[in-house]
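Report on the structure given below.
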Amino acid sequence: MNISNGRIKILLIALLIGCYNLSFSNGVHPLTDTLFNGKRLIDTDGKPVNAHGAGVLYHKGVYYLFGEVKKGKTWLVPKQNWEDFRVPAGGVSCYSSTDLKHWKNRGWF
């Protein structure tokens, strides 16, 4: 994957700011009525949210979801004694929401 140093710096700064703000958050924000009963989470463009291993940050009334972009064919890792599946990662995605139901794709690095 070919990512410029500038893009890496921007991503790291964004993550540091998010972690800083999260650590000084002024309260817990409960996740109410957010389950989709096994259905895929769809973004505001009608596409499945692609943010594997995701984490959520809350800042000034907006939730930000960051996760791995996974794309390509899934394969089973050979010589494992458990179901160890892999898929190529294509970067880190970002989505935003004010209600934890409607997620806007903000792009990926």
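Model, not experiment: these values are computed from the prediction.
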#### Entry: Member of Val56, Asn50, Thr44 meeting the side chain to side chain contact (heavy atoms under 4.5 Å, CB included) criterion with Tyr95
Asn50

#### Entry: Heavy-atom pair of closest approach, residues Trp75 and Val87
CZ3-CA, 3.8 Å

### Message
What's the separation between atom NZ in Lys101 and atom CG in Leu41, rounded to the nearest 0.5 Å?
### Response
11.5 Å

### Message
With rounding to the nearest 0.5 angstrom, report the OG1 to CZ distance, Thr74 to Arg86.
### Response
11.0 Å

### Donor-acceptor pair, side chain of Ser93 and main chain of Trp108, under 3.5 angstrom
no

#### Entry: Main-chain N/O of Lys47 paired with Asp45 side-chain donor or acceptor, under 3.5 Å
no

### Message
Grouping I, L, V, M, F, W and Y whenever their side-chain heavy atoms are under 4.5 Å apart, do Val62 and Phe66 come out in a common cluster?
### Response
yes

### Spacing of Ser96 atom OG and Leu57 atom CG [to the nearest 0.5 Å]
12.0 Å

### N/O donor-acceptor pair under 3.5 Å between Ser97 side chain and His102 backbone
yes

### Message
Return the OH to CG distance between Tyr58 and Leu65, rounded to the nearest 0.5 Å.
### Response
15.5 Å

